[in-house]
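To start, the structure itself, in structure tokens.
Every heavy atom of this structure was used, including side-chain atoms; hydrogens, water molecules and symmetry mates were not. This chain uses plain numbering: 1 for the first residue, then up along the sequence.
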Amino acid sequence: MNGEPRTIAVDTRASLLDVLRAQLGLTGTKRGCDQGACGACTILLGNQRVLACLTIAARHDGEQITTVEGLAHGDQPHPMQAAFIRHDAFQCGFCTPGQIVSAVGLLSENPDVDVNEIPEQMSGNLCRCAAYPGIRAAIADAKGAR
């Protein structure tokens, strides 16, 4: 979990979102729709984007899981987090953790993504405040910094 081994007992029916928030206290991953439609609960399983609300925690024993809390290195924000700040890529901030994690996953999956493809590649993450121009600019900025 975020680069550190963790041992916990989980209910075999518990979603990864429930385990992250209730058992591990990692509340950066948000509960949005609970149906996999909004992306607020996006985490990385390995380097792949996953919706934690639709993922059964017990099925991922021993796998590398990264939440928004695990992106920074000490006091140094992840380059994507820094880009979100530079481009004011948030308003209310509720979707921001999922957007950031999804953007990190996107660049991991496709480091050479064309900036014109970013909207489609991020379409699983909704922003009710419509901060999309800043989000897209932040991702393009972080892509260029890689």
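- For D61, the CG atom sits in a loose shell: 12 or fewer heavy atoms of surrounding residues, nucleotides or ligands are nearer than 6.0 Å.
- Distance CD/E117 to CD1/I139: 12.5 Å, rounded to 0.5 Å.
- Considering only heavy atoms from C-beta on, L71 stays 4.5 Å or farther from E69 through its side chain.
- The cluster map of Ile, Leu, Val, Met, Phe, Trp and Tyr, joined by side-chain heavy atoms under 4.5 Å apart, puts L44 and V113 in the same cluster.
- Atoms SG and CG, from C95 and L126 in turn, are 8.5 Å apart once rounded to the nearest 0.5 Å.
- Between atom CZ of residue R21 and atom CG of residue L16 there is a gap of 12.5 Å, rounded to the nearest 0.5 Å.
- Cluster annotation: V115 is connected to L106 through the hydrophobic network of ILVMFWY side chains, with a link wherever side-chain heavy atoms come within less than 4.5 Å.
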- [ ] Could you check C92 against R128 for side-chain contact (heavy atoms from CB on, under 4.5 Å), going step by step and ending with a plain yes or no?
- [x] CA-CA 9 Å; C92 81; R128 292 177 179 100; over 6 Å; no

| Derivation of the side-chain contact (heavy atoms from CB on, under 4.5 Å) call for Q121 and I118 | CA-CA 5 Å; Q121 296 295 314; I118 291 172; 5.6 Å; no

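- Contact detail for T42 and G98: the closest heavy-atom pair is CB-O, 3.8 Å.
- Side-chain contact between D141 and F84: absent, with no pair of heavy atoms (C-beta onward) separated by less than 4.5 Å.
- Not one N or O on the side chain of R6 forms a donor-acceptor pair closer than 3.5 Å with the backbone of M1.
- Panel note: side chain N125, backbone G39; a donor-acceptor pair is recorded below 3.5 Å.
- The shortest non-hydrogen separation linking C33 to G36 is SG-N, 3.4 Å.
- A heavy-atom distance below 4.5 Å is found between the side chains of V104 and H78.
- For the atom pair CG of L24 and CD1 of I8, the computed distance is 4.0 Å after rounding to the nearest 0.5 Å.
- Side-chain contact check for T66 versus I43: every heavy-atom pair is 4.5 Å or farther apart.
- Comment: R31 engages D18 in a salt bridge, judged by a side-chain N to carboxylate O separation of less than 4.0 angstrom.
- Residue P79 comes nearest to R86 through the heavy atom pair O-NH2, 4.5 Å, listed as atom of the first residue, atom of the second, then distance.
- The side-chain heavy atoms of N2 and L26, taken from C-beta on, include a pair separated by under 4.5 Å.
- Looking at heavy atoms from C-beta onward, M122 lies out of side-chain contact with R136 at the 4.5 angstrom threshold.
- Two residues are said to be in side-chain contact when any heavy atoms from C-beta on lie closer than 4.5 Å; P119 and Y132 fail this criterion.
- The line from CZ of F90 to SG of C129 is 11.5 Å long, rounded to the nearest 0.5 Å.
- Think of L54 as one node in a network of Ile, Leu, Val, Met, Phe, Trp and Tyr side chains linked at under 4.5 Å; its network also takes in L51.
- Closest non-hydrogen pair, C41 versus C53, comes out as SG-N, 3.3 Å.
- The minimum heavy-atom distance between A9 and Q23, with the atom names listed, is O-NE2, 2.8 Å.
- Taking hydrophobic clusters as Ile, Leu, Val, Met, Phe, Trp and Tyr residues chained together by side-chain heavy-atom distances below 4.5 Å, I65 shares a cluster with V10.
- The side-chain heavy atoms of Q81 and V68, taken from C-beta on, include a pair separated by under 4.5 Å.
- When all heavy atoms of A57 and V19 are compared, the pair lying nearest together is CB-CG2, 3.7 Å.
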Quiz prompt | Derivation of the side-chain hydrogen bond (donor to acceptor under 3.5 Å, both in side chains) call for S102 and R49 | solution = CA-CA 6 Å; S102 187; R49 299 178 280 179; 3.1 Å; yes

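- More than 12 non-hydrogen atoms from other residues, nucleotides or ligands lie less than 6.0 angstrom from CG of D11.
- Rounding to the nearest 0.5 angstrom, the gap separating the CD atom in Q64 from the CD atom in Q48 is 14.0 Å.
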